[in-house]
Every structure is written in structure tokens, then in C-alpha cells.
2 protein chains.
Amino acid sequence: MAVKYELTKESKDTYARLGKVHTPHGVIDTPAFMPVGTQATVKAMSPDELKEIGAQIILGNTYHLYIRPGHKLIEDFGGLHGFMKWDGPILTDSGGFQVFSLNELRKISEEGVEFKSHLDGSKHFFSPEYVMEIEESLGADIIMAFDECIPYPCEKDYAKKSMERTVRWLKRCKKAHTKTDTQALFGIVQGGTFKDLRIESAKMTIDIDLPGYAIGGLSVGEPKEEMNEVLEYTVPVLPKGKPRYLMGVGSPDSLIDGTIRGIDMFDCVLPTRIARNGTVMTSEGKLVVRNAEYSRDSKPLDEKCDCYACRNFSRAYIRHLIKAGEILGGRLTTIHNLRFLQNLMKDIRSAINEDRLLSFREEFFESYGYKK
Amino acid sequence: MAVKYELTKESKDTYARLGKVHTPHGVIDTPAFMPVGTQATVKAMSPDELKEIGAQIILGNTYHLYIRPGHKLIEDFGGLHGFMKWDGPILTDSGGFQVFSLNELRKISEEGVEFKSHLDGSKHFFSPEYVMEIEESLGADIIMAFDECIPYPCEKDYAKKSMERTVRWLKRCKKAHTKTDTQALFGIVQGGTFKDLRIESAKMTIDIDLPGYAIGGLSVGEPKEEMNEVLEYTVPVLPKGKPRYLMGVGSPDSLIDGTIRGIDMFDCVLPTRIARNGTVMTSEGKLVVRNAEYSRDSKPLDEKCDCYACRNFSRAYIRHLIKAGEILGGRLTTIHNLRFLQNLMKDIRSAINEDRLLSFREEFFESYGYKK
């Protein structure tokens, strides 16, 4: 089996749990945050640096890699692992989210989706079967089923129609997927913010019997309370023995609140994207290091952080680099933000282990400046 | 004394020599190539990576650092060493070249040069005294005197007038320079491509008695043969006991041909600039890795190179990164080009040591594809 989830501890007062996801390329301690490497690179980072900040798994984006350089080329280089020289676990999404979010003019049918390349406008068609072929070429340890992501807000009628089609597509994905010994296919629960649709979707998805389940279509504009509600009625439907992945979510508060509601895996481009724009996450909250107030600040980005940037450089220097458009600026803030999240997940895991996740949440929200 | 040059070997059949430049922050084996860190960072590189590729000294650009973030700010952070956390030797130029090359509207007088900032158009004035003040704030181990760089071609009358003024400015620099115990002031020989002016300039410059001498105003558009001629009649005028620095020169052929003519130190932005655009230097010549012909090439950039990029990644992957505008692409090509030049300088030093520099030149030019 390509992926085996080992549940090591259940929290006493929340739905949080500790576990290990065993994959052909190594073990992931969960709950885990997964940095996103859209184009076969986590932006600004080398594989060595990803190891150094403690990443145990990274993401690749099927849509982007299919468009450029092409999945067949990557397959010829030993898949994503061989191409980008990352020897740890990899997860690829299905391209579903990008096909819907980057393409105004996509045409959706029962068969699949026709869309235009964001690079050259050329026409392409993704079916569940073709996406499986692409993801098999990319060779990730965990591959996501092809789904439809609906916008927020969305009419219930459409949300239901779409959710049911996503379930039919999932069945086709499972049928088309051949490399079951080295790759684990995860299904994605959809249904917008409609309780009955989410529960129905979850039930139909777990009926297909897969090594892991994701919750998709969240963090697309809905209030955080609504996302948390969806988790509260969806996660309990999912089996305990399989990992649960909340897609596209990575703000510190959501990582804690998702964990409390039973989520094991998270990913998000935000930590790396805001980093390159000069915003970092610190133990005392968000810090826009490109602001003038840091121009003479000799402190590190975060005095409590142990990353390469914080061990060596001042806010003043990093601000200078960002203002001057220097590559090293975005490198240092990216290293920091990713390390910050790895350390946060480690702290979350310790808190679960010691049954003090709720008080950890209180303290973290207080020091980060979140409303409790 | 801030800088001491130790001549360790003179070549038998050329003017090349081996030596060591001792500075407050370490020793530089010469002949040496110095990577350029214009804005307090060698573009795309971290200080650790600079150590790893073997850089023993780096440059900072006084003009850029004066404009942003300002020399006083850098002084407050312990100078360039403290600000950018590079603990090895640093050399700063005088801003002369930038004031003349980036400013169409500068106004030159005996007192100094008025120019406009390339960032916001604000007016500034550099005099030899003020440049010494700025360079003392930056705190480099070697600081360059404020000089005028004339264009190529240039009328002899103007070249003479300018060269004589540069000598007068050098005297003012020496008088204004106070930190002689920690910083070595180098004078710059000018005179365009006029033999008598160059020789006159060299004699007047060495009369001022400084710890090192540079040859400026070359590689500004003149044919390579002409540059080599200038070196042939200028270098012999310079004293053997002081280091000789050829400014702004860093192509592989010029490094070899400059060394043969008695040069000890070189710098150039080209290796890092072409790297970010996807061009690398290899043992078999220049390679434009962004070209389509490398899209499926599994070889490293250079099979004979030992850098991080060549030890780990294929041309195909690096091409993909460059085409996709990914930061890691420019990082890997920069690491490679800088390592390539450090290895070249090491090979040059070995060849001098074994009195086979001319045959080394033959072999290198042959394999690199240069005309001999």
C-alpha cells in the first residue's frame, strides 16, 4: 500500500490527533503543514533548504506542471522526485482548482473540462482519466482526484449537481489509477457550505474506499466561522484510520482551528507569497518588514525563531533587500515563514501530546494578536 | 597596516605572479576574482553560499549603498561586514564609475561631481573627501579612490585633463582618509588607451605611495587587444610589492590574459548577470541553458564542475526554472558561474605555480572555443 496512516494519539478534549503518514518516500508527522512547490520548486527555496526548515512533504501543482514543462518530460526524469531532486514525500493536486480559478472560459461537461492555457491560450481537456495519467507521470506519493471547485457563494442546486459529479469523477479516477502500489489516491469532499451536501459528499466519498480524504472548496472567501462549522460536521463522518487533508489552508489560526477539528494535513501558498512581498509571521503576529519602521531595526524577524534568516540577519538588512528588489530578501523571508509554520506544527503536536491544545490556542492567539 | 601584499612566486615566462593579500578580515590568494555585491548582497547568493563557492573577497558599490540604504545606516550596523553578515574581506569601489555611467546629467568640476539619484532624481554631490567619508562608514578592507571614468573612445585632450584631475583627487582622498589602520586606499591609474597618459598616470599614482593600485577605465568598449596592450605598458610601471587590480573585468579569457600581464585582482558583474538570464560558463564554453535544445538534457550544466547546481540538477530542470521565472533558476546558475570562475582562478594559480600558464591558456582557449 502506497500510504499507511498510523494514528498515535487522540486528544482528550478536542478532535485533534497525532499520527504518522507512511509513504514510499518517508514518514510525515501529522498534523503537518505542506509547503507548495507549484512549478517543481517551492518558490525561492532549494531542496536542501526545505530539509533544513523541516519540511517532510511538499506539493506540486498538476495544472502548472502539465502546462510547463509537461508531465511526459518530468516522467522521463524520474517523475517530480527525480526532476526537482526532492527525495521526500510529494503530493500533487489534480489541477481542478486551477482549471476553475485560472480559467474564465472553461467548459465543463460530464466527460471533463475544456480550458485554455494561461501561458499561450492553447486549448486543453482534463478528464478524470487524463488527470490520473498526468499524476502517474508526475509520480507523487499522494495524488488528488480530479474535482470541481465551486465558487463562494454558490447556489445550492449547482453545489449539489457539482458535488455529485465530483463523486462520479472520483469513481472514474479510482478506476483509471494504476500505480496503486506506489501512489495513494485521495478523494475530495465537496458541497460548499451546505451541511447536508457536505455530509452526503463525505459518505459517498468514503464509500469509494481510499487511503485518504481531503476537504476541498474551503478558504475560498467564506468567513472563518463558516469554514470551522463545515469541519465540525464533515470531519466526524470521515473514518479515523485515514488521514484528513484540508486543502488550501495555511494561516496560523486555521492550522490550529483545523487541527482542533480533526485535520491532519494542510497546504497553502500564502506563507511563501506574502514572504516575497515582505510580510512575515512571528511569535508576536504578522510583521510587514518592508515598512519604514524597520529600516533601523537590528532585531531578527522573530526573536524566538531558529531559522537561518533569524540566526543571522537584522530586520533592517532584510527590509533593505526587499526594498531593493534583491533575491536574497525573498529567500530569507520565505525561509522564515516556512520555518515558522513548521515550528508551529511541532508546537501543536506537542500540545496535543500533552493534552493542552486548547490552552495552547489561547496563548498563541493572544501573542499573535488574533481575536479569541 | 590594513593590507599587506605578499609576493610568493613570479612566473618564469610571463608577468604572472602568485601572492597573498593580507587584510583585517582574512587572506586573499591572488590572482583572484571578486564577486560583486552591489547592494550589500551578491545577487541571489547568501553569505554561506559565497563561502561554499570559494569567494575570499567580495565587492560593494559605494554609489548604490550611499543612495540606498545610506552609508550612515550601514555604519550603525557595523559597516558592510555587520550589515550583510559577510565576515571575509570586502572591497568598495568609489562610486566614480556609477556617477559617470548612470548619470547623463552629472556636472563635473575640480571640486567633485554633482549627479542625480537613479532612484528618485534627487541631487547629490561627491567630492574625494565625501567619498572617503562614505567608504569609511561602509568599512571595507580595501577602498578605492574617487576617480573619473572617461568613455571609449575619448579625445586625448580630455583624457589627459581627466587623468590629471583623477591624480589630484587621489591626493585629496589620501589626505582625507583617516582609517588607515583598518582600510587600505587603492589608487586608480587612468589615461584611456593612450600609452603616454597611462604611463604618466601610473607614475604619478605610485608617487602618492599607496598599499595597492588599480587600472581603471578598461573593458568599456575597446577591443580586447587594446586592453591587453594597455596592461603591457602600464603594469611594468607598477611596483612589484603591491597588488594590482584590473577593474570591471571578468570574462574567462580576460582573467587569463590579465594574469599573464601581471594582474592580481579582478571583478565583474557579468558572471552573475548572465547567470540570471540563463547563460552559464562551462569547461566547453558558454551555454545558454534557457535554449530549447536543453529542454530534455539530463547532463549537469558542466560535467567537470563541483558546484551545488552541477552536483544535483539537470540542464532540463534548470532550463525549466529559468523559463518559468523561478528564483531557484537564477540561484543555481549564479552559484555555478561564480564557482566556475573560482575554479578557473585556482587552475590559473596552479598553472603559475608549475610554470605552465601559457600552455594552460592554449588548452583553455581551445576547450572554451576562444580564438587563440
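Here is the naming used below: chain letters follow the sequence lines, and residue numbers restart at 1 for every chain. Below, each value reflects all heavy atoms present in this structure, side chains not excepted, and no hydrogens, waters or symmetry copies.
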Query raised in the report: Which residues from residues 310-322 of chain B are near chain A, with near meaning under 4.5 Å between non-hydrogen atoms?
Result: B:N312, B:F313, B:S314, B:A316, B:Y317, B:H320, B:L321
Report task. Determine whether A:I327 and B:R276 make a side-chain contact, defined as any pair of heavy atoms from C-beta on separated by less than 4.5 Å. Result -> yes
Query raised in the report: So which of B:K323, B:K85, B:R68 has the largest heavy-atom pair count under 4.5 angstrom toward chain A?
Result: B:R68
Requested in this report: Using a cut-off of 6.0 Å, state whether more than 12 heavy atoms not belonging to A:Y294 lie near its atom OH.
Outcome: yes
Query raised in the report: Given a strict heavy-atom distance threshold of 4.5 Å, which part of B:R331 is in contact with chain A: side chain, backbone, both, or neither?
Result: side chain
Report summary line: Whatever's closer than 4.5 Å to a heavy atom in chain A on B:F77 counts as side chain
Query - chain A neighbours within residues 45-57 of chain B, where any heavy atom lies under 4.5 Å away - result: B:M45, B:S46, B:P47, B:D48, B:E49
Query raised in the report: Pick from A:S295, A:A324, A:A40: which one has the most heavy-atom pairs with chain B under 4.5 Å?
Result: A:A324
Requested in this report: Taking atom NZ of A:K116 as the centre, report whether more than 12 heavy atoms of other residues, nucleotides or ligands fall under 6.0 Å from it.
Outcome: no
Query raised in the report: Just wondering, are more than 12 heavy atoms of other shown residues or ligands nearer than 6.0 Å to CD in A:E284?
Result: no
Requested in this report: Sort B:E326 into side chain, backbone, both or neither according to what part of it lies under 4.5 angstrom from a heavy atom of chain A.
Outcome: side chain
